[in-house]
Amino acid sequence: MVVKLYGQVTAACPQRVLLCFLEKEIEFEIVHVDLDTLEQKKPEHLLRQPFGQVPAIEDGDFKLFESRAIARYYATKYADQGTNLLGKSLEHRAIVDQWADVETHYFNVLAFPIVLNLVIKPRLGEECDVVLVEETKVKLEVVLDIYENRLASNRFLAGDEFTMADLTHMPAMGHLMGTDVNRMVKARVNMNRWWEDITARPAWKKLMKMAGFGLA
Amino acid sequence: MVLTIYAPLFASSKRAVVTLVEKGVEFESVNVDLLKGEQRQPEYIAIQPFGKIPVLVDGDYKIFESRAIMRYIAEKYRSQGPDLLGKTIEERGQVEQWLDVEATSYHPPLLALTLNIVFAPLMGFPADEKVIKESEEKLGEVLDVYEAQLSKNEYLAGDFVSLADLAHLPFTEYLVGAIGKAYMIKDRKHVSAWWDKISNRAAWKEVSEKYALPV
């Protein structure tokens, strides 16, 4: 039996899980939940994800939501297969967790309003909050400086190897790089190096193809 | 060598502190006064580059992000105290799910309420009434989902207490206390019963008393 992922392949949070599946060479099936028509708020989906969000997974009888929890679960369950995403020791794993949590608390809180206003709202025919975007970009510059410093002495966020800490950033970064925020990344030598490195990975290229983005 | 946790008087640190106490781990603490901006001093930035709290220092090893610290302690001291991660990979998956729900859906509106109602007067910035109203609405919607979940399970991840439940303690204490919105918990039968259970655990009572913020 193959795990079913409920979501939209172009959306960042489902992409986080898909990228984990691809890195770990786990077979999966996507069941499309159409965000443009708000299918995620309908009763059928609310049974899978009570907050009305995507993704959710069903793996036989086992169900889970929250993309980062799903990714951690599969990275743990299939520890011996595909890319090792969780570090080599308890201490290393905790540093992976640390930078993965940094994505949630420092990066996504800024990336999300920018992507919402510059990418999603236009598609839904809604007005963009220009002031909020500019204010958020200023805050993002500060955070990216910290990342730049970290990546100056580490090849990847948690050390020498690609881990969940890097993976978890990729979907939202991918969307941001399609906006003028890409200048902020390109202006920082180490962030740019890191982004080029991680987007050269075969799993990312496969994901971009699935999402119809061509080559990132 | 003894573990050191920074800024134990503040809510985010208390997630880590309560985990240490639940697991019976010895530790020391160092105060960092956020009201005076000590977290922005160079000596602190050297250990937490974002200038946020907490940090845990274990000899040469440093780790920040309260929930990452919780996971680290729960894993490292797995064989002592309650097992806060579940017994199987599937149970762990549920713990991670609800820990992430706390981080992404519960915490943001509750943090907005905490900052605008508790800390605005203390730090002299104006409270945003619109944010307060929207945050209370959002938090109410999240609590409705919790009410449904807790009518089926004793704790968030199942019939065992886990990191997911503990992560809610510090800021919910503000909600029922200084924020003055205890009704949000008390008016929901199963959420209220869950709150009574987890907030009366010996570890939390010890942490909340010993590390009370003198405001």
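Here is the naming used below: chain letters follow the sequence lines, and residue numbers restart at 1 for every chain.
Around NZ of K137(A), the count of heavy atoms belonging to other residues, nucleotides or ligands within 6.0 Å exceeds 12. Other residues, nucleotides and ligands contribute only 12 or fewer heavy atoms inside 6.0 Å of the NZ atom of K139(A). In the displayed structure, K42(A) atom NZ is contacted under 6.0 Å by more than 12 heavy atoms of other residues, nucleotides or ligands. Enclosure of atom CG in D36(A) by more than 12 non-hydrogen atoms of other residues, nucleotides or ligands within 6.0 angstrom is indicated. More than 12 heavy atoms of other shown residues, nucleotides or ligands fall within 6.0 angstrom of atom NZ in K41(A).
Contact of R93(A) with chain B is made through the side chain alone, with heavy-atom distances under 4.5 Å. Heavy atoms closer than 4.5 Å to chain A are found in the side chain of V145(B), but not in its backbone. Neither the backbone nor the side chain of V95(B) comes within contact range of chain A; no heavy atoms are under 4.5 Å apart. Heavy atoms of R68(A) lying under 4.5 Å from chain B belong to its backbone as well as its side chain. Of the atoms belonging to F64(B), heavy atoms from both backbone and side chain fall under 4.5 Å from chain A.
Ranked by heavy-atom pairs under 4.5 Å with chain B, the first of Q98(A), E66(A), R150(A), Q53(A) is Q98(A). Between chain B and the residues D59(A), T104(A), N149(A), I95(A), the most heavy-atom pairs under 4.5 angstrom are made by I95(A). Of the residues considered (K62(B), R67(B), E65(B), K52(B)), E65(B) shows the highest number of contacts with chain A, using heavy-atom pairs under 4.5 Å. Heavy-atom pairs under 4.5 Å with chain A peak, among D58(B), L99(B), V142(B), I69(B), at V142(B).
Each of D145(A), V143(A), I146(A) was compared with P49(B) under the side-chain contact (heavy atoms from CB on, under 4.5 Å) criterion, and only I146(A) meets it. Applying side-chain contact (heavy atoms from CB on, under 4.5 Å) to Y73(A) and the options E90(B), E96(B), R92(B) leaves one that passes, E90(B).
Relative ring orientation between F50(B) and Y106(A) is described as parallel, the plane-to-plane angle staying below 30° on a 0-90° scale split at 30° and 60°.
Once rounded to the nearest 0.5 Å, the distance linking CZ of F112(A) with OG1 of T104(B) reads 11.0 Å. For the atom pair Q97(B) CD and L64(A) CG, the distance stands at 4.5 Å (nearest 0.5 Å). Distance check: D144(B) CG to F51(A) CZ gives 10.0 Å after rounding to the nearest 0.5 Å.
A94(A) approaches I63(B) most closely through the heavy-atom pair CB-CD1, 3.4 Å. Residues A103(B) and H105(A) come closest through the heavy atom pair CB-CE1, 3.9 Å.
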- Message: Using side chain to side chain contact (heavy atoms under 4.5 Å, CB included), reason through R71(B) and D101(A) one step at a time and then give a plain yes or no.
- Response: CA-CA 11 Å; R71(B) 287 174 173 110; D101(A) 278 9; 3.5 Å; yes

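The closest side-chain heavy-atom distance from D100(B) to F65(A) is not below 4.5 Å.
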